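Counting begins at 1 with the first residue of the sequence. A quick note: this is a predicted structure, and the numbers were derived from the prediction, not measured.
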Amino acid sequence: MAWSAGWSTPVTSRTSRAGPRPIAWTRSGWQSSPNAACSGPRSCPRNRSVKLRDLTRARAVMTHERTRHKQRTEKLLEDAQIKLSTVIADIFGVSGRAMLEALIAGERSPKALADLAHGTIKASHSTLAEALTGRFEEHHAFMCRMLLDTVDYLTVQIDKLTARITLRLTELSTTEDDEGPGQGTLMPITDTERLDEIPGVGPSTAQVILAEIGLDMSVFPTAGHLVSWAKLSPRTLQSGSKNTSGPTGKGNPWLRGALGEAAISAARTDTFLDARYRRIIKRRGHMKALVAVARSILVSVWHLMNDPTTRYRELGADFHTRNLDPHRKSRDLVHQLNALGHDVTLTPTAA
């Protein structure tokens with residue numbers, strides 16, 4: 001057991017945030033998985049997982065930094081009274097970038113700048129010319145050039161990290177297509193592609209989830225263990241005979257951030273997760289509904305990773321409607337009408 005310098009807190013696998021909590025105690029200490037004892041640093045799956053997390057977290061930091069520089073560019077345009085973001089959804093798209101480059105090069109005519117818009121821009125030519133009318137000076141051109149160069153540099157670095165993350169996941173992945181997942185496909189399906197089938201989960205989010213929880217689900221005996229480790233399970237606070245609900249906890253911020261983004265995206269789809277979100281938001285609120293959806297996504301991830309032959313199956317947005325008790329639903333609706341002062345008599349329709 002190693003001790004940290006300064007505070008007398010033992011640095012164990014329980015206090016370290018490098019990976020999942022261990023599940024077994026041996027004479028050599030806590031083990032996070034059967035693969036914890038490795039013959040060397042290169043062959044150890046745990047070390048490869050740590051390196052994978054370094055890559056995904058570095059990409060997340062650079063993505064946030066790129067977003068921050070994009071926001072500073074928009075603020076710079078606002079300072080020059082250029083209202084380009086009000087008429088173009090993405091000022092860093094093909095049309096917006098062409099206008100920015102023209103402004104930096106010295107073009108100040110609003111009509112000439114508006115002519116650079118492509119056919120996908122919904123705003124009219126006159127609206128674009130009005131939005132591009134401002135006081136864009138040499139100082140703004142200098143600052144805008146620096147910000148755009150930084151955005152381009154970060155984009156290149158993010159692409160490099162994404163390529164390396166894909167390579168590392170390919171090396172760690174053990175999914176085979178011989179006994180199930182492919183089901184007629186010519187190429188093996190990867191773990192990232194299987195997680196990508198979950199509504200709200202994209203390739204980047206799937207990579208972050210795999211990097212944070214690992215590919216070996218023997219660390220978590222059940223889906224409940226994984227959800228509890230991620231701090232997404234309901235929490236009860238007991239005080240005497242009183243039981244109250246409490247916050248779920250902090251958990252892994254990188255994993256919770258990825259699951260939160262996936263839950264927000266899933267809540268806007270016509271799927272089972274969207275139906276779950278809409279059922280819970282009525283009585284529990286927006287944030288708790290998102291946590292519930294994130295928990296459902298993580299449970300699906302555990303089942304997919306625990307069995308390499310499993311594929312995600314969409315239950316449908318009408319799952320709850322198809323599986324409810326019609327007599328109970330009719331009784332509840334009658335009680336609601338009675339509470340409003342109506343006397344209701346139900347007559348069954350002819351079959």
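Scanning both residues, L113 and A102, for their nearest heavy atoms gives CD2-CB, 3.5 Å. What you find for D196 and G202 is that their closest heavy atoms are OD1-CA, 3.5 Å. Here the shortest heavy-atom pairing between W302 and P221 reads CZ2-O, 3.3 Å. Taking each heavy atom of E107 and A112 in turn, the nearest pair found is OE2-CB, 3.6 Å. When every heavy atom of A117 is checked against every heavy atom of L128, the shortest pair comes out as CB-CD1, 3.6 Å. Heavy atoms only, all atoms of each residue included: L154 and H69 are closest at CD1-ND1, 4.4 Å.
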Working note: C144 + T73, criterion side chain to side chain contact (heavy atoms under 4.5 Å, CB included); need CA distance, chi angles, decisive distance, verdict.
CA-CA 6 Å; C144 188; T73 305; 4.2 Å; yes

Worked check of side chain to side chain contact (heavy atoms under 4.5 Å, CB included) between T150 and R66
CA-CA 8 Å; T150 305; R66 183 179 63 176; over 6 Å; no

Steps toward side chain to side chain contact (heavy atoms under 4.5 Å, CB included) verdict (R295, T248):
CA-CA 11 Å; R295 180 186 183 278; T248 57; over 6 Å; no

When you look at D191 and L169, which way does the side chain to side chain contact (heavy atoms under 4.5 Å, CB included) test go after all the steps?
CA-CA 8 Å; D191 294 328; L169 280 175; over 6 Å; no

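Inter-residue side-chain proximity for F220 and S228 is flagged as unmet; no heavy-atom pair is nearer than 4.5 Å. Side-chain contact between D115 and H125 is present, with at least one heavy-atom pair separated by less than 4.5 Å. At a threshold of 4.5 Å between non-hydrogen side-chain atoms, the residues D79 and F136 do not count as touching. Between I91 and R97 the shortest side-chain heavy-atom distance does not fall below 4.5 Å. Counting only heavy atoms from C-beta outward, the side chains of I82 and L132 approach each other to under 4.5 Å. Taking the side chain as every heavy atom from C-beta outward, D149 and R145 approach each other to under 4.5 Å. Inter-residue side-chain proximity for K70 and L147 is flagged as unmet; no heavy-atom pair is nearer than 4.5 Å. Contact check for L255 versus V208: no side-chain heavy atoms found under the 4.5 Å cut-off.
Around CZ of R164, the count of heavy atoms belonging to other residues, nucleotides or ligands within 6.0 Å does not exceed 12. In R313, the CZ atom is not crowded: 12 or fewer heavy atoms of neighbouring residues, nucleotides or ligands sit closer than 6.0 Å. Within a 6.0 Å radius of CD in Q157, more than 12 heavy atoms belonging to other residues, nucleotides or ligands are found.
The closest donor-acceptor contact from the side chain of T205 to the backbone of V201 lies at 3.5 Å or more, if one exists at all. Judged by distance alone, the side chain of E314 and the main-chain N or O of G316 form a donor-acceptor pair under 3.5 Å. Using modelled atom types, no side-chain atom of H303 and backbone atom of S300 make a donor-acceptor pair closer than 3.5 Å. The backbone N or O of T166 lies less than 3.5 Å from a partner atom in the side chain of T170, making a donor-acceptor pair. Within the 3.5 Å criterion, the main-chain N or O of L103 finds a donor-acceptor partner in the side chain of R108. In this structure, S95 contributes its side chain and H118 its backbone to a donor-acceptor pair below 3.5 Å.
Cluster membership for V301 and L315, using ILVMFWY side-chain heavy atoms within less than 4.5 angstrom, is shared. I281 and V293 fall within the same hydrophobic cluster, where Ile, Leu, Val, Met, Phe, Trp and Tyr residues are linked whenever their side-chain heavy atoms come under 4.5 Å apart, directly or through other members. No single ILVMFWY cluster, assembled from side-chain heavy atoms under 4.5 Å apart, contains both M143 and M99. Residues M146 and L76 share a hydrophobic cluster, clusters being chains of Ile/Leu/Val/Met/Phe/Trp/Tyr side chains in contact below 4.5 Å. Hydrophobic clustering (ILVMFWY, side-chain heavy atoms < 4.5 Å, transitive): V50 and L167 are in distinct clusters.
Distance check, rounded to the nearest 0.5 Å: CE of M305 to CG of L226 gives 11.0 Å. Between L100 atom CG and L116 atom CG the span is 10.5 Å, to the nearest 0.5 Å. Interatomic distance, L290 CG to R284 CZ, rounded to the nearest 0.5 Å: 13.5 Å. The NZ atom of K51 sits 7.5 Å away from atom CZ of R168, with the distance rounded to the nearest 0.5 Å. Separating the CZ atom in R68 from the CE atom in M62 is a distance of 13.5 Å, to the nearest 0.5 Å. Atom CG in L215 sits 7.0 Å away from atom OG in S49 (nearest 0.5 Å).
Applying salt bridge (Lys or Arg N to Asp or Glu O under 4.0 Å) to E78 and the options R135, R72, K83 leaves one that passes, K83.
Judged purely by distance below 3.5 Å, without hydrogens or angles, the side chains of D307 and T310 pair a donor atom with an acceptor atom. At a cut-off of 3.5 Å, with distance as the only test, a side-chain donor of T222 or H225 sits close to an acceptor on the other residue. Inspection of the Q207 and R59 side chains reveals an N or O donor paired with an N or O acceptor under 3.5 Å. In summary, the side chains of T192 and T190 do not present any donor paired with an acceptor at a separation below 3.5 Å, with no hydrogens or angles considered.
L337 shares a hydrophobic cluster with V334, V344, L346; the chain of contacts runs through ILVMFWY side chains whose heavy atoms sit under 4.5 Å apart.
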Please tabulate, for the side chains in residues 263-279, all donor-acceptor contacts under 3.5 angstrom to protein atoms that are two or more places apart in sequence or on a different chain.
| residue | atom | partner | partner atom | Å |
| --- | --- | --- | --- | --- |
| S265 | OG | E261 | O | 3.2 |
| T269 | OG1 | A266 | O | 2.7 |
| T269 | OG1 | T271 | OG1 | 2.8 |
| D274 | OD1 | R278 | NE | 3.2 |
| D274 | OD2 | R278 | NE | 3.2 |
| R276 | NE | S296 | OG | 2.9 |
| Y277 | OH | H286 | ND1 | 2.7 |

